[in-house]
Each structure stands twice: as structure tokens, then as C-alpha cells.
Amino acid sequence: MIQTILATVSEGFGNAFGRSRIETSLWERVVFYGAIALTLFVSLLPFYWMVVTSFMPESAIYSLPPSFVPQDLTLKHYESVFSPETFPFVTYFKNSLIISVITAGCPSSSRRSARTVSPV
């Protein structure tokens, strides 16, 4: 039964494109996969650049022409983000954790109190 349904659907799908079976030429496949590769490159390049520049020294970040493969690597930017003098990350993280735990706990406590009230 399922094979009959699948055969009917695929036959109708193939006829919609004027083909009895989905066939693609080598040129169509090259264009299709080329378009996918270009889309992936354009989509992933900003993420690559973000990660690479986080490890570059500031002078290399602003140099022209830009270097897509860093020569010198540094952790200076991460040290400045996680140092308590520059940015109290740990304090902000604790505050966010407290607020999220309280917020997650509020609906469950109100649900418990609603169940304990007997209907009139």
C-alpha cells in the first residue's frame, strides 16, 4: 500500500517537471553544489573572522590589507574581558544566575499554591 502511494506521488512529482524520473545533468549538479558552497562560504565567513580576530593583536586587526590567517596569536582580549578590574564578569554572571533561578522558581511556586486551594 505504501509503495503504491509513494510510486503515485513520485510519478506526479516527476510529471510536474516534465520528466518521468528526476534526473540531473552534470552541469546542473555543478551549479547546484557551487551555489551551496558559495552560500556556506558567505554565511560562515563572519563567524570565522570573529573567532580569528579575537586571537589577533590589535595592530593586526586594523591592518590593511586584512590577514585572514593570523601570524601572531594572543589571548590579551580574553584576559581583558575576564579580568575583574576591567569587567566584573563573575559578579554579572552571579546576578544573572540568581535572577534566572528566582524567575524559574516563581511559576512553580504559584502553581503549587493554586493546587492547594480547594474549589468552592
Side-chain angles (χ1 to χ4, degrees):
M1 166 111 179
I2 294 176
Q3 290 177 347
T4 308
I5 293 170
L6 290 175
T8 306
V9 169
S10 65
E11 189 177 296
F13 184 72
N15 290 338
F17 292 104
R19 301 174 183 164
S20 61
R21 209 179 87 179
I22 303 291
E23 297 172 0
T24 57
S25 68
L26 178 63
W27 177 249
E28 288 173 325
R29 283 184 277 163
V30 167
V31 169
F32 176 73
Y33 288 115
I36 288 177
L38 181 65
T39 303
L40 279 173
F41 178 75
V42 169
S43 299
L44 296 177
L45 184 64
F47 294 104
Y48 171 77
W49 184 251
M50 180 176 56
V51 170
V52 166
T53 55
S54 73
F55 291 107
M56 284 183 180
E58 283 191 46
S59 60
I61 293 173
Y62 298 112
S63 67
L64 288 176
S67 172
F68 288 100
V69 180
Q71 302 299 323
D72 300 322
L73 298 177
T74 182
L75 293 173
K76 181 181 153 198
H77 304 293
Y78 289 99
E79 290 171 359
S80 69
V81 166
F82 291 110
S83 73
E85 297 86 31
T86 308
F87 182 73
F89 178 79
V90 176
T91 304
Y92 293 161
F93 185 77
K94 283 182 200 174
N95 291 342
S96 297
L97 185 64
I98 291 168
I99 295 298
S100 62
V101 167
I102 291 171
T103 303
C106 285
S108 63
S109 64
S110 64
R111 200 175 330 125
R112 255 186 272 130
S113 63
R115 279 189 265 163
T116 58
V117 176
S118 60
V120 179

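Position 1 is the first residue of the sequence, and the numbers go up from there. Computed from a prediction, not measured in an experiment: that's the story for all the values here.
Atom OG of S63 and atom CD of E58 lie 12.0 Å apart (nearest 0.5 Å). If you take OG1 on T103 and CD1 on I98, they are separated by 11.5 Å, rounding to the nearest 0.5 Å. To the nearest 0.5 Å, atom CH2 of residue W49 and atom CD1 of residue I61 are 8.0 Å apart.
Linking Ile, Leu, Val, Met, Phe, Trp and Tyr residues whenever their side-chain heavy atoms come within less than 4.5 Å leaves V42 and Y33 in two separate clusters.
A heavy-atom distance below 4.5 Å is found between the side chains of F41 and L45. Between F55 and L75, the closest side-chain pair of non-hydrogen atoms falls below 4.5 Å.
Among residues two or more places apart in sequence or in another chain, the side chain to side chain contact (heavy atoms under 4.5 Å, CB included) test is passed with L40 by I36, L44. Every residue two or more places apart in sequence or in another chain was checked for a ring pair (Phe, Tyr, Trp, His ring centres under 6.0 Å) with F93, and none qualifies.
Residue pairs meeting the side chain to side chain donor-acceptor pair (under 3.5 Å) criterion with at least one member in residues 65-84, sequence neighbours excluded, are S54-Y78, S83-T86.
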